[in-house]
Structures are given as structure tokens and as C-alpha cells.
There are 2 protein chains.
Amino acid sequence: MRSYRQYCALARGLDVVGDRWTLLLVRELLEGPRRYRDLLDGLPGIATNLLAERLRGLEASGVVVRRDDGRYALTPWGQGLREVLYTFARWAAPLMAVPLGDDAFRPHWLHNLVGALFDDVDPERANLTVELRCEDEPSTIIAAAGRVRITHGSVPDPDVVLAGPPNGVIGLLAGRIDEAFATDLGVTIIGDARQLTHLRPRPLPETGGPPPRPTGTRSLG
Amino acid sequence: MRSYRQYCALARGLDVVGDRWTLLLVRELLEGPRRYRDLLDGLPGIATNLLAERLRGLEASGVVVRRDDGRYALTPWGQGLREVLYTFARWAAPLMAVPLGDDAFRPHWLHNLVGALFDDVDPERANLTVELRCEDEPSTIIAAAGRVRITHGSVPDPDVVLAGPPNGVIGLLAGRIDEAFATDLGVTIIGDARQLTHLRPRPLPETGGPPPRPTGTRSLG
DNA sequence: CTGCATCCGGGCCGATACTG
DNA sequence: CAGTATCGGCCCGGATGCAG
């Protein structure tokens with residue numbers, strides 16, 4: 001990318017990660033070291049040359065390293081983008097109220113959203129395990145000691161299971177829709193969904209979100 | 001911008017503010033409503049058509065409103081980007097260790113950096129006023145009740161005055177360089193610079209920053 | 001099959017000229 | 001002052017090729 005040539009932290013930061021696809025590539029690497037092929041799968045729509053180019057640029061900037069096993073990984077500095085992306089995801093969360101439409105979706109993207117919504121220590125948070133199932137790929141949220149983690153796969157006896165379209169699952173987790181509406185959206189709920197309130201997601205900025213789209217798209221909440 | 005078409009908060013957020021110049025435009029509007037001409041001055045290098053186009057786009061997205069007096073302002077949702085940009089600026093702060101070179105600089109950009117470094121409530125923070133002078137344009141940091149604000153202009157009796165090149169002033173504020181080095185860089189210090197430690201800036205991620213540039217550019221600390 | 005490099009058409013960007 | 005118009009160039013997107 002052409003540099004902004006401004007002596008400003010934001011401008012210089014954007015010189016590093018402001019290129020198209022770059023922050024989404026970081027999003028993928030936040031889940032751990034990944035191969036080129038995995039990154040392609042997690043970035044539907046990117047051209048192969050662009051992925052290679054972005055990886056080289058981030059490597060030159062010190063955000064990414066290529067490890068001996070061929071995987072790409074974030075450097076410690078690159079890991080620092082987690083907080084940035086989580087903060088940004090919370091700001092952008094209202095945009096998720098517009099349903100998927102033709103947009104691509106990958107179940108592991110839920111991990112970032114769960115991270116953004118629950119990335120804090122809350123002593124009043126209840127211990128709870130919640131299994132999420134979108135597109136038949138299970139993930140499990142484990143709340144313990146005030147913290148929330150999410151892992152791939154299932155655990156034996158989850159307190160709640162949410163299965164169905166991602167907008168419904170997300171709406172329930174964020175506390176933006178109720179059980180009935182989620183069921184309308186096609187979400188299957190096993191267990192007591194009211195326990196989800198004890199996960200206590202970070203409040204999204206009360207100062208609303210974007211104005212409703214002019215088209216007849218139906219919002220979530 | 002072409003949409004990423006991904007059902008992901010980050011991707012949808014980038015659809016709104018991922019275009020080139022967009023976040024820097026938001027940076028300018030974080031200081032308050034601004035006229036078209038002010039924005040041009042604060043965004044050296046932007047083309048006039050791009051500024052107009054970005055403003056229209058952000059207006060359509062609900063991030064910016066054009067007020068009756070012709071000024072552009074952030075909506076409440078747009079104001080929510082402050083936390084995002086501050087978090088990002090802290091991540092990118094190590095990049096400021098590389099001196100200005102030919103980069104453009106505007107004194108009011110310091111306000112964002114001060115905001116990013118001190119945007120918290122710290123009960124152990126001392127009350128203090130610090131005047132900053134870069135390019136003969138004074139700003140004043142006022143720490144009181146554990147909070148830090150920065151305003152344009154001077155106040156009668158600041159505890160400390162820092163005047164000189166922005167990299168030196170910033171290095172002192174962030175606690176990354178000492179008085180002697182700052183003086184070397186051309187900073188004039190009036191008052192007791194040791195009081196600056198009582199401002200207690202947010203710690204930057206200890207996990208370093210980018211690797212040193214291969215060229216012989218001299219770092220700040 | 002993975003991990004790219006190359007090629008090419010189109011759109012976004014950058015710079016300047018111009019208008020109310 | 002507040003933009004619009006225009007045009008060249010570069011980045012992006014999509015397809016293909018190819019080496020290991």
C-alpha cells in the first residue's frame with residue numbers, strides 16, 4: 001500500500017494493516033498458526049496472489065512469521081491486534097443484525113465474535129458450558145472463574161445447546177433476541193436458554209448502530 | 001468499496017470504514033464537527049474528490065451527519081469508533097519511534113495520541129497541567145481527578161512545558177525516552193519533566209513492536 | 001494436492017483542473 | 001469555500017499455470 005506519509009500512529013498503523021484483506025487475514029491468524037490453504041478457506045473471495053502478497057507484507061512488517069512447519073503465525077506484536085479487532089467487532093456488531101443474505105459464513109468466525117463479546121473477567125458470571133452448532137460444526141463456550149473461552153468440538157454434557165443459523169445463535173448470545181424469536185429464525189435450543197443471561201456479554205454501545213437499511217431487510221432486534 | 005460479503009462483524013465493519021482514508025477522516029472528526037476545508041487541511045495528501053466521496057459514504061452508513069451549519073460530525077454510533085481508534089493507536093505507537101522523515105505532521109494529531117495514551121481513570125494520577133508546543137501551536141494537557149484531557153491553546157501557569165519536534169515530545173509523554181535524550185532531539189523543557197511520570201500513561205503492550213527497520217534509521221528508545 | 005507466480009481486465013485511487 | 005469532472009496509473013479480482 002502506498003504510505004499515508006503522516007507522522008501519526010493511526011496513519012502509520014494503517015500503513016501496516018490498512019490494505020484490503022489484511023485485517024481479515026489477521027482475524028484468521030488469531031485462532032492460531034495456519035497454513036496457506038486454511039487461510040484461503042477462511043477468507044472466501046480473496047485471490048491467491050493477494051493472500052501471498054499480504055502474507056509477505058505482514059512478514060516484512062513484523063506482524064506475521066512463517067514458521068519452520070510452513071504455517072503462518074502472528075508475532076507477539078501481531079497478537080496485540082486481538083484487542084483492536086475485538087474492540088472493532090463490538091463497534092460493528094449492530095451490522096450483524098442484518099441477516100446473512102448471500103454472505104459467506106464460516107463457523108469459526110463465531111469464535112472471534114464470542115471473544116469480542118466476552119473478553120473480560122466478570123466475577124458475577126456463572127459457570128456454564130454452551131455448545132454452538134452452525135452448519136453442523138460444533139464449538140463449545142466454557143465459562144469458568146469469571147472468564148469465557150471457546151473451543152472447537154463438543155464436551156459431554158453442555159448446559160445449553162444452540163443449533164441453527166448463525167444470526168439466530170448470535171442474537172441469543174448477545175441477548176438481543178428472545179427464545180421465541182430465535183426459534184422463529186430456525187434455532188434449536190436444548191436446555192434452559194435463560195441461563196445464557198448469566199454469561200453477561202459486554203454491553204454493546206447503547207448509542208445504537210447504523211440507521212435501518214432503506215430496503216425491506218428485516219432486522220434482528 | 002466492494003463488500004467482502006462475509007457474515008462477520010469485522011468484515012461488515014470494514015465494509016463501512018475499511019476504505020482508504022476513511023479511518024483518518026474519522027480521526028479528524030473525533031476532535032469535533034469540521035468543515036470540508038478543515039478536513040482537507042487535516043488530511044494532507046487526500047484528493048478532494050475522495051474526501052467528498054468518503055463523506056457521502058459515511059453519511060449513507062450512518063457514521064457521519066452533515067449538520068445545518070455545513071459542518072460534518074460523527075453520529076453517536078460514529079463516536080463509538082473513538083475506542084477503536086485509541087486501541088489501534090496504542091498498538092501502532094511503536095511505529096512512532098521512527099522519526100518523522102518527510103512525513104506530514106499536524107499538531108492536533110497529538111490530541112489523538114494523548115487520548116490513546118491516557119484514556120482511562122487512574123486514581124493514582126497526579127493533578128498536573130502540561131503545555132505542548134509543536135510547530136508553535138500550543139495545546140494543554142490537564143490531569144485532574146484521575147482523568148486526562150487535552151485542549152487547544154495555553155493556560156496561565158502550566159507545571160511543565162514541552163516544546164520542540166513531535167517525536168521528542170511524544171517520547172517524553174509516553175515515558176520512552178529520558179530528559180537528556182529529548183533535549184538531544186531538540187525539545188525545550190520548562191519545569192520539572194520528572195512530574196510527567198505522574199501522568200502514568202497506559203502501558204504499551206510489552207510484547208514489543210515491529211523489528212528494527214533494516215535501514216539505518218535511528219529509533220527513539 | 002499445496003503454495004504460490006503470472007497475466008490481464010476493471011475499478012479504485014491520486015492529482016489536477018474547473019465550477020458555483 | 002465546497003465541492004465536481006476528468007484522466008492516468010496502480011491495486012484489486014479472477015483465471016490460469018506450474019513447481020514441489
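Numbers restart at 1 for each chain; the letters A, B, ... are given by sequence-line order, proteins then strands.
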Just the rounded figure in Å: distance from [atom2] of [N] to [atom1] of [X].
| X | N | atom1 | atom2 | value |
| --- | --- | --- | --- | --- |
| A:Leu40 | D:dG13 | CG | P | 14 Å |
| A:Ile46 | C:dG3 | CD1 | C1' | 14 Å |
| B:Asp69 | D:dA2 | CG | P | 10 Å |
| B:Asp41 | D:dG3 | CG | P | 14 Å |
| B:Leu50 | D:dT4 | CG | C1' | 13 Å |
| B:Leu43 | D:dG3 | CG | P | 14 Å |
| B:Leu39 | D:dC1 | CG | P | 13 Å |
| B:Arg37 | D:dT4 | CZ | C1' | 15 Å |

Practice problem: Establish whether the base of D:dG3 is bridged to the side chain of B:Asn49 by a donor-acceptor pair shorter than 3.5 Å. | Solution: no
Quiz item: Looking across every strand, which nucleic acid part, if any, lies under 4.0 Å from B:Gly45 by heavy atom: base, sugar-phosphate, or nothing?
Solution: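 Sugar-phosphate, no base atom in range.
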Exercise. Could you tell me whether B:Arg56 contacts a base, only the sugar-phosphate backbone, or nothing, with contacts defined as non-hydrogen atoms closer than 4.0 Å?
Key: sugar-phosphate
Quiz prompt | Derivation and outcome, side-chain hydrogen bond (donor to acceptor under 3.5 Å, both in side chains), residues A:Arg82 and A:Tyr86 | solution = CA-CA 6 Å; A:Arg82 179 183 302 275; A:Tyr86 282 1; 3.0 Å; yes
Quiz item: A:Leu162 and A:Glu131: side chain to side chain contact (heavy atoms under 4.5 Å, CB included), yes or no, with the steps?
Solution: CA-CA 6 Å; A:Leu162 308 177; A:Glu131 179 173 319; over 6 Å; no
Exercise. Applying side chain to side chain contact (heavy atoms under 4.5 Å, CB included), run through B:Trp91 and A:Val17 and close with a yes or a no.
Key: CA-CA 11 Å; B:Trp91 178 80; A:Val17 297; 4.1 Å; yes
Below 4.0 Å: OP1/OP2 of [N] and any side-chain N or O of [X]:
| X | N | answer |
| --- | --- | --- |
| A:Arg66 | C:dG3 | no |
| B:Tyr72 | D:dG3 | yes |
| B:Tyr4 | D:dG13 | no |

Quiz item: Which of residues 17-33 of chain B have a heavy atom under 4.0 Å from DNA chain C?
Solution: B:Asp19, B:Arg20, B:Trp21
Self-check item: Among D:dC12, C:dT16, C:dC13, the one nearest B:Thr48 by side-chain distance
Solution: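 For B:Thr48, the side-chain atoms sit closest to C:dT16.
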Quiz item: In terms of side-chain heavy atoms of A:Ala52, which of D:dG3, C:dC4, C:dC13 is nearest?
Solution: C:dC4
Quiz prompt | Of A:Glu28, A:His152, A:Glu31, A:Arg27, the residue whose pairing with A:His108 passes side-chain hydrogen bond (donor to acceptor under 3.5 Å, both in side chains) | solution =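 Running side-chain hydrogen bond (donor to acceptor under 3.5 Å, both in side chains) over A:Glu28, A:His152, A:Glu31, A:Arg27 with A:His108 returns exactly one hit, A:Glu28.
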Quiz prompt | Given DNA chain C, 5'-ward residue of the pair A:Arg2 and A:Leu55, judged by closest heavy atom | solution =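 Taking each residue's closest nucleotide, the earlier one in sequence belongs to A:Leu55.
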Practice problem: May I ask you to decide whether A:Asp103 forms a salt bridge with B:Arg12, counting only side-chain N to carboxylate O separations under 4.0 Å? | Solution: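 Between B:Arg12 and A:Asp103 there is a salt bridge, with a charged N closer than 4.0 Å to a carboxylate O.
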Self-check item: Least distance between heavy atoms, A:Leu117 atom then A:Ala174 atom
Solution: CD1-CB, 4.2 Å
Exercise. For B:Gln79, look at atom CD and say whether over 12 heavy atoms of other residues, nucleotides or ligands are found less than 6.0 Å away.
Key: yes
